[in-house]
*Asks:* 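This is the structure I have questions about; it appears just below.
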Amino acid sequence: MSPRSGYTLPVFACAAAVAALQQIKHGRSLDRVLIDLLEPPEIVEIAIEQVAELKPGMALAVTRSDPGDNLDITRNTPIWALVELGVGEKRAGGDKGDKGEGGDKGDKGDNTNYQLPTTNYQLPTTNYQLPTTTHPQNIIINGGEGIGRIVNDSSIPNSEFRIPNSPAIYAYAQRLLYANLERSLAPGETIQVTIILPEGRKLAERTSNSAFGVVDGLSLLGTTGISQPLSAPGQLDICREQLQTKARQFESLVFCVGENGLDLAPQLGIDRERLVKTANWLGSLLVEAGLQGVKEILLFGYHGKLLKLAGGIFHTHHHLADGRREILTAHCANLGLPTNVLQAIFACPTAEAALKYLRELDVRENSDWVSRVYETIASEIDRRSQEYIYNHSDRQVSVGTVLFDRDRQILVKSETATTILDHLC
């Protein structure tokens, strides 16, 4: 049985907003709405859990995330959309209105002190608003409680906005909301939409969002409305088929765990046709590449993910295994870093925080621990990967590793990676 696909968070946020707008304009409490996904170009039906008019011109709708057969922490999380009709003109006029500074006193609307019924959630008094230059002036989109905010704009690939403290509502989510809401507005009508994830702040603690410069909540991320079940067992067969096709074309392939790698690799001159999105199935796909006769593999990814391979962890989903701080601390110890430094690294909450600590240590001591540690880790990833392929397929494959940081800057290239890149670029 094929794994069931679902939809990404932007789709459910959009569905809730559409349902709330329909409640305001037509007094209809819909139990499902039709959403144009744009990517791919198809219309889908999304269930609405609740919708209510809070007062004339203001409604709240609730839906729940369904990512399909994925190991996804957002499964069943509620997504709220608060829509206010006729407030866009007041908001669009002030460039600081999203923080309650310097704008018309009325630009917070009446929702500031409105207590939602039968919940403990207070509507946020300060929302983060998307820059007005990036969207239609008659639709204002805010990130409310549980939507992350961007504190490091260089971490945003292909974004239409690069302003720190903007809500982490990425380009596809913006397009989706504007396209599906604007068609329901009459000429001259304006709306303000606030997306709220009541569980977002808590769920974000279980993600690596902060490593990519997003804090205080989850992102409305993705380039498509379909949530492919990359972590579901049945998806491995699909990944294998894609790999087999590329292996018939090329002897050298580039493995990318996620979207950041897929976006960054071509910027280095790597042919997109050589890229293979592995998701978390690195071990199985490394072996498959060996069986298919691939001669060279470049592992291209975020250091906080590929670090696991240096510890022999070849399925990288956090539900199954982690060990990153243990692996990093062990490599630091092996290179002779003192005990107090090892303890500090082991106490770091994320791999990115540990990297930052080592960089600060290098500045203080005029040392080169970052280079030494990560060169060793990259070499160990190469060695372990080659060994893994040989042990499971009896094939010799050259494997090189390129690691990048949260700013999508190259952190290290192993010696083998440098050789492979010379062939590819």
*Asks:* Do V399 and Y388 pass the side-chain contact (heavy atoms from CB on, under 4.5 Å) test, and can you show the C-alpha distance, the side-chain angles, and the key distance before you say yes or no?
*Replies:* CA-CA 11 Å; V399 179; Y388 189 90; over 6 Å; no
*Asks:* If every non-hydrogen atom of C239 is compared with every non-hydrogen atom of K277, which pair is closest and at what distance?
*Replies:* SG-O, 4.3 Å
*Asks:* Looking at I46 and A15, what are the two nearest heavy atoms and their distance?
*Replies:* CG2-CB, 3.5 Å
*Asks:* Going by heavy atoms in the side chains, are K305 and N280 under 4.5 Å from each other?
*Replies:* yes
*Asks:* Between CG of L299 and OG of S385, what distance do you get to the nearest 0.5 Å?
*Replies:* 5.0 Å
*Asks:* Is the CD atom of E326 crowded by more than 12 outside heavy atoms at less than 6.0 Å?
*Replies:* yes
*Asks:* Okay, side chain of T245, backbone of E241: is any donor-acceptor separation there less than 3.5 Å?
*Replies:* yes
*Asks:* At their closest point, which heavy atom of L291 faces which heavy atom of S393, and how far apart are they?
*Replies:* CD2-CB, 3.7 Å
*Asks:* May I have the step-by-step check of salt bridge (Lys or Arg N to Asp or Glu O under 4.0 Å) for R359 and D405, ending in yes or no?
*Replies:* CA-CA 12 Å; R359 282 173 166 164; D405 62 15; 3.0 Å; yes
*Asks:* Kindly determine whether E145 and L197 satisfy side-chain contact (heavy atoms from CB on, under 4.5 Å), including the steps that lead there.
*Replies:* CA-CA 6 Å; E145 172 62 24; L197 299 177; over 6 Å; no
*Asks:* Whether the Q249 and E273 side chains hold a donor-acceptor pair (N or O, under 3.5 Å, no angle test) is what I'd like checked.
*Replies:* no
*Asks:* Could you check whether any side-chain heavy atom of I147 comes within less than 4.5 Å of a side-chain heavy atom of I196, counting everything from C-beta outward?
*Replies:* no
*Asks:* Could you measure the distance from the CH2 atom of W369 to the SG atom of C332? Nearest 0.5 Å is fine.
*Replies:* 8.5 Å
*Asks:* Counting only N and O atoms by type, is there a donor-acceptor contact under 3.5 Å from the side chain of T8 to the main-chain atoms of T224?
*Replies:* yes
*Asks:* Tell me whether N142 contacts the main-chain N or O of G144 through its side chain, where contact means a donor paired with an acceptor under 3.5 Å.
*Replies:* no
*Asks:* What are the two closest heavy atoms between P10 and A173, and how far apart are they?
*Replies:* CB-CB, 3.6 Å
*Asks:* For the residue pair E296 and V397, establish whether any side-chain heavy-atom pair is separated by less than 4.5 Å.
*Replies:* no
*Asks:* So does G400 get a backbone contact from the side chain of T416, meaning a donor-acceptor N/O pair under 3.5 Å?
*Replies:* no
*Asks:* With distance as the sole test, does D66 use its side chain to make a donor-acceptor pair with the main-chain N or O of G68 at under 3.5 Å?
*Replies:* yes
*Asks:* Mark yes or no for whether R274, through its side chain, and S252, through its backbone, hold a donor-acceptor pair below 3.5 Å.
*Replies:* yes
*Asks:* Using only atom types and a distance under 3.5 Å, with no angle test, would you say the side chain of Y357 pairs donor to acceptor with the backbone of C348?
*Replies:* no
*Asks:* Let me confirm one number: the NZ-CG distance from K202 to L218, rounded to the nearest 0.5 Å.
*Replies:* 12.5 Å
*Asks:* Check this for me: K356, atom NZ, are more than 12 non-hydrogen atoms of other residues, nucleotides or ligands nearer than 6.0 Å?
*Replies:* no
*Asks:* Parallel, tilted or perpendicular for F404 and Y302, by the 30°/60° rule?
*Replies:* tilted
*Asks:* Using every non-hydrogen atom in the two residues, find where L298 and T401 come nearest and quote the distance to one decimal.
*Replies:* CD1-N, 4.4 Å
*Asks:* Taking atom types as modelled, find out whether T63 and E49 have a side-chain donor-acceptor pair closer than 3.5 angstrom.
*Replies:* no
*Asks:* Quick check: do H315 and L282 have side-chain heavy atoms less than 4.5 Å from each other?
*Replies:* no
*Asks:* Do D362 and R372 sit within salt-bridge range, that is, some charged N less than 4.0 Å from a carboxylate O?
*Replies:* no
*Asks:* Given side-chain contact (heavy atoms from CB on, under 4.5 Å), test L306 with V257 step by step and report yes or no.
*Replies:* CA-CA 8 Å; L306 291 184; V257 177; 3.9 Å; yes
*Asks:* Rounded to the nearest 0.5 Å, what's the gap from NZ on K308 to CZ on R324? Could you check?
*Replies:* 5.0 Å
*Asks:* Between R175 and L38, is any pair of side-chain heavy atoms under 4.5 Å apart?
*Replies:* yes
*Asks:* L9 vs L221, test: side-chain contact (heavy atoms from CB on, under 4.5 Å). Steps then yes/no.
*Replies:* CA-CA 7 Å; L9 275 181; L221 181 63; over 6 Å; no
*Asks:* Measuring only between side-chain heavy atoms, which start at C-beta, is L37 closer than 4.5 Å to P41?
*Replies:* no
*Asks:* For residues 377-386, pull every pair meeting salt bridge (Lys or Arg N to Asp or Glu O under 4.0 Å), keeping only residues two or more places apart or in separate chains.
*Replies:* E380-R383, E380-R384, R383-E387
*Asks:* Under the 3.5 angstrom rule, does the side chain of T278 hit a backbone N or O of W281 as a donor-acceptor pair?
*Replies:* no
*Asks:* Answer yes or no: is there a donor N or O on one side and an acceptor on the other, between the side chain of R325 and the main chain of F346, under 3.5 Å?
*Replies:* yes
*Asks:* Please check if the side chain of N180 supplies one atom and the backbone of L176 the other of a donor-acceptor pair under 3.5 Å.
*Replies:* yes
*Asks:* Is the shortest side-chain heavy-atom distance between R75 and R64 below 4.5 Å?
*Replies:* no
*Asks:* Measuring from R240:CZ to S284:OG, what's the distance to the nearest 0.5 Å?
*Replies:* 5.5 Å
*Asks:* Report yes if the side chains of I79 and V62 come closer than 4.5 Å at any heavy-atom pair, otherwise no.
*Replies:* no
*Asks:* Give, for atom CG of L286 and atom CD1 of I389, the distance between the pair rounded to the nearest 0.5 Å.
*Replies:* 4.5 Å
*Asks:* Of all the heavy-atom pairs spanning Y374 and H303, show the shortest one and how long it is.
*Replies:* CE2-ND1, 4.0 Å
